[in-house]
Every structure is written in C-alpha cells, then in structure tokens.
Amino acid sequence: MNTKINPFAQILEAFRGFTFSGSFYNLRRQSTGSKIVYAIIISIFTGLLLCALEAFSFSTDKEVTQFMNDLPEFYYSNGEFYCEDKFEESSSGTYMLIDTSQTQFTQNHVKSALADSSITDVLLISKTNIITYKTLTGEYQDMKLSDLLNVFQIQALSKQQVLSGYKGFIFKVAMIISLVIIPCQFIRLFSASLILTLIALIINAICGSKESFSTLYWISFYIQSVFMIILAIGKPFLSLSSSSLTIACLLLFIITMHHTLKHGEPEVKTTVVSNHFNDDFDDFMRQETVTPSTSYDSSYGDADTYTEPFGNNTDTNSAKPQKSSSGLSLKKED
C-alpha cells in the first residue's frame with residue numbers, strides 16, 4: 001500500500017535515501033500534488049536561506065566592516081549627497097569613486113575609469129547621481145540619488161546611521177531579493193532534475209535496470225532537492241568555486257543513483273483490512289454454490305433424496321410428484 005508522507009517529512013526521507021535506496025522509491029510514489037507542495041517548500045526554504053546567509057556573511061565580513069569604517073564622513077540631505085573627502089579605491093577589478101565636488105557624473109567619467117584595462121566594474125557617486133557599469137554585460141545605469149533613496153523612504157542619512165544600521169539594511173535588501181530568488185529556485189529544481197535524469201538513463205543502462213523515465217526523473221528530483229538544501233546552507237561559507245561544487249554534486253549523484261538502481265525497487269506491501277464477520281462470510285462464500293441436498297434414509301428399501309432451495313417457500317397450490325417410503329409416486333389432488 002502506498003504510504004503518504006508529509007511534505008516536510010519528505011525532506012528527511014530524501015536525506016535518508018542516500019543510505020537506504022528504498023526511500024527514493026517510496027518518495028517517487030507520492031502524488032503529483034504532494035510533490036508540487038514539496039517543491040514549493042524547498043524553493044521557499046532555500047531561497048530565504050540563500051539570501052539570509054549571504055546577507056549574514058556579507059555583514060560580518062571583516063573587510064566590509066573595515067571598509068565602512070574607513071569611509072570619510074558623509075551625509076545626505078535635501079536630495080544631495082556630501083562627502084568630507086574624496087574617496088577612491090580600486091580592487092579586484094572594481095573601481096569606486098565618491099566625489100561630491102562633482103555635481104553629476106557622466107559617461108565620460110566612466111570612460112576615464114576604464115582607461116585602466118584591469119577595471120571591469122565601475123561605481124561613481126557624485127552630489128546628485130550614482131553610476132554603475134559592468135564591462136562583462138555592458139550594463140550601464142545612471143540613477144538620481146534622490147530617486148534611489150526614496151525607494152527605501154530615506155530622507156536623510158549620515159555615516160553614523162549607516163554604521164549602526166547597515167546590517168539591518170542589508171537583511172532588508174536580501175529579503176526583497178528573495179522574492180525573485182524563490183521562483184528561480186522552483187524552476188531550477190524541475191529543470192536541473194531533467195538534466196540529471198538524462199545522466200540517470202545512462203546509469204540505468206549500465207546497471208541493467210529497467211526503470212521508466214518517470215521513475216528516474218522523480219528520484220533525480222528528490223536528489224536535486226537535497227543538493228539545493230546543502231548548497232543553500234554551505235555555499236556562503238565554502239571556499240570552493242561554483243564549478244567545483246557542481247562537479248562534487250554530480251559525482252555524488254552518480255554514486256547515489258547507481259546504488260539506488262543496483263538495489264532496485266522494494267516490494268510494495270499491501271494491508272488487508274478485515275474483521276471476523278467478513279472472514280466468516282468469505283469462508284462461507286468459498287464453499288460450493290450448488291444448492292445443498294438433504295438425504296432421508298428409508299426404512300423400506302433404498303434412501304431417497306429430497307432437494308429444497310434455501311429461503312424459497314414452496315407453492316402450496318402446485319402439485320409436485322414425490323416418492324413415498326414404499327417407492328410409489330404420490331400426487332396431491334386439487
């Protein structure tokens with residue numbers, strides 16, 4: 001009998017599948033609705049976790065904290081930004097310039113910054129606007145500071161306010177970003193499972209298994225969900241590159257899928273619901289359905305047989321021939 005598993009309990013069962021291959025087979029028998037609910041839970045959980053941990057990692061980074069402390073005194077008021085000193089820094093291909101002596105930066109200032117071939121990203125902040133440019137994608141944005149800060153309902157700002165509240169601000173931004181990340185995680189779960197299923201087909205042939213595409217897909221689906229949880233928890237704190245993490249997950253998938261297909265699908269046990277009355281009735285119905293006969297031994301000669309169906313009253317108006325004990329046929333006269 002197919003046992004329904006709570007979507008939250010399916011997470012534990014999916015982790016258990018890496019040791020007990022039968023767990024993935026039990027999970028793949030769940031209804032489509034249950035799997036969709038499970039996918040939604042995984043997407044929300046991993047999406048929020050990714051954003052929250054990334055924000056935590058960023059806000060506790062020593063370099064970021066030191067950078068914030070090294071910034072010159074600044075404040076924002078009446079739609080204009082003022083910085084006590086000019087701030088310029090270039091590291092890891094990113095060029096940042098804060099110069100409020102400039103009323104507004106333009107594209108010409110971006111071109112000047114890109115004169116250095118090592119620069120790939122540019123961030124310019126003037127008295128009234130902020131410009132960002134990414135060489136890799138060619139994305140160029142020119143925004144008014146007043147428009148940007150009005151989105152966050154900020155009318156005035158100072159360095160001390162930023163230092164005391166920037167961590168909370170980072171988490172607010174992370175939660176806003178999660179609204180975009182969650183749908184992406186949902187799509188990623190189903191699309192990545194499809195790619196893994198193509199690899200599972202090869203493993204299926206090597207193992208000599210005859211599992212259907214649907215079975216392989218849903219097993220891959222639950223394995224991928226575990227990978228998403230692991231990456232959401234560990235990625236912000238792991239020093240491995242994205243390509244290294246992808247290779248590690250792929251190797252683990254191959255090993256897990258091979259182990260699962262090698263052991264095969266366990267037999268599904270069914271549960272028969274019965275009671276004593278039904279059992280007696282079933283035993284009764286297994287007996288011969290032919291109408292039982294009753295024998296009467298005659299004290300004269302051979303035994304005669306009289307047959308009468310259950311629950312059927314004989315018609316008293318009809319006459320039926322019967323044998324007497326002397327062997328003569330008697331008939332009821334009208």
Side-chain angles (χ1 to χ4, degrees), residues 47-48 50-184 235-236 242:
L48 292 176
L50 271 174
C51 294
L53 291 179
E54 285 287 356
F56 175 78
S57 178
F58 183 80
S59 62
T60 56
D61 188 272
K62 292 182 179 179
E63 293 183 1
V64 175
T65 303
Q66 187 62 40
F67 170 78
M68 296 296 296
N69 291 325
D70 291 342
L71 286 174
E73 291 294 330
F74 62 84
Y75 67 92
Y76 169 81
S77 178
N78 298 323
E80 293 185 347
F81 183 67
Y82 299 91
C83 187
E84 188 177 72
D85 299 315
K86 179 180 177 179
F87 181 83
E88 185 176 14
E89 182 172 323
S90 178
S91 62
S92 303
T94 301
Y95 175 76
M96 179 178 180
L97 174 62
I98 302 176
D99 187 2
T100 57
S101 64
Q102 296 285 338
T103 303
Q104 183 176 355
F105 280 123
T106 63
Q107 292 185 8
N108 291 330
H109 293 92
V110 175
K111 291 179 181 179
S112 298
L114 292 174
D116 186 347
S117 58
S118 63
I119 301 300
T120 57
D121 297 331
V122 177
L123 173 62
L124 306 176
I125 302 176
S126 70
K127 182 182 290 187
T128 59
N129 75 326
I130 176 172
I131 292 178
T132 60
Y133 179 75
K134 295 184 178 181
T135 305
L136 184 61
T137 60
E139 183 181 356
Y140 175 85
Q141 291 185 336
D142 185 352
M143 298 172 286
K144 288 184 177 181
L145 282 171
S146 57
D147 294 339
L148 176 63
L149 295 178
N150 283 338
V151 172
F152 301 100
Q153 299 180 348
I154 298 176
Q155 303 299 326
L157 188 67
S158 66
K159 179 181 177 179
Q160 294 303 319
Q161 288 177 320
V162 171
L163 291 177
S164 60
Y166 83 94
K167 293 183 179 180
F169 175 76
I170 290 173
F171 277 98
K172 288 180 181 179
V173 172
M175 292 302 100
I176 294 174
I177 295 175
S178 68
L179 298 178
V180 179
I181 298 297
I182 290 173
C184 292
K235 190 175 181 179
S242 297

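Keep in mind that what you see is a predicted model, and the values were worked out from it rather than measured.
- Taken from CD1 in Ile125 to CD1 in Ile130, the straight-line distance is 4.0 Å, to the nearest 0.5 Å.
- In the displayed structure, Asn78 atom CG is contacted under 6.0 Å by at most 12 heavy atoms of other residues, nucleotides or ligands.
- In the model, Thr106 has a side-chain atom that pairs as donor or acceptor with a side-chain atom of His109 under 3.5 Å.
- Separation of atoms OG (Ser126) and CG (Asp142) is listed at 8.5 Å; rounding is to 0.5 Å.
- Considering only residues two or more places apart in sequence or on other chains, Gln155 meets the side chain to side chain contact (heavy atoms under 4.5 Å, CB included) condition with Asn150.
- The side-chain heavy atoms of Lys86 and Leu97, taken from C-beta on, include a pair separated by under 4.5 Å.
- Within the model, atoms OG of Ser112 and CD1 of Ile119 stand 12.5 Å from one another, a figure rounded to the nearest 0.5 Å.
- For Thr137, the side chain to side chain contact (heavy atoms under 4.5 Å, CB included) criterion is met by Lys134, Glu139, not counting sequence neighbours.
- Taking each heavy atom of Phe74 and Phe81 in turn, the nearest pair found is CD1-CE1, 3.5 Å.
- Separation of atoms NZ (Lys127) and CD (Gln102) is listed at 10.0 Å; rounding is to 0.5 Å.
- Listed here is the closest heavy atom pair of Asp116 and Ser118: OD1-OG, 2.8 Å.
- Closest approach of Ile181 to Gly47, counting heavy atoms only: CG2-CA, 3.9 Å.
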*Test side-chain contact (heavy atoms from CB on, under 4.5 Å) on Val122 and Leu124 and set out the steps.*
CA-CA 7 Å; Val122 177; Leu124 306 176; 3.7 Å; yes
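- Not a single donor-acceptor pair under 3.5 Å links the side chain of Ser178 to the backbone N or O of Leu48.
- Leu136 CG to Thr120 OG1: the interatomic distance, rounded to the nearest 0.5 Å, is 8.0 Å.
- Using a 4.5 Å heavy-atom threshold, the side chains of Ile131 and Tyr140 count as touching.
- Atom OG1 of Thr100 and atom CZ of Phe87 lie 13.5 Å apart (nearest 0.5 Å).
- Within the 4.5 Å cutoff, the side chain of Leu114 has heavy atoms near those of the Tyr133 side chain.
- Note on ring orientation: taking the six-membered ring where Trp is involved, the planes of Tyr82 and Tyr75 are parallel (angle under 30°, cut-offs 30° and 60°).
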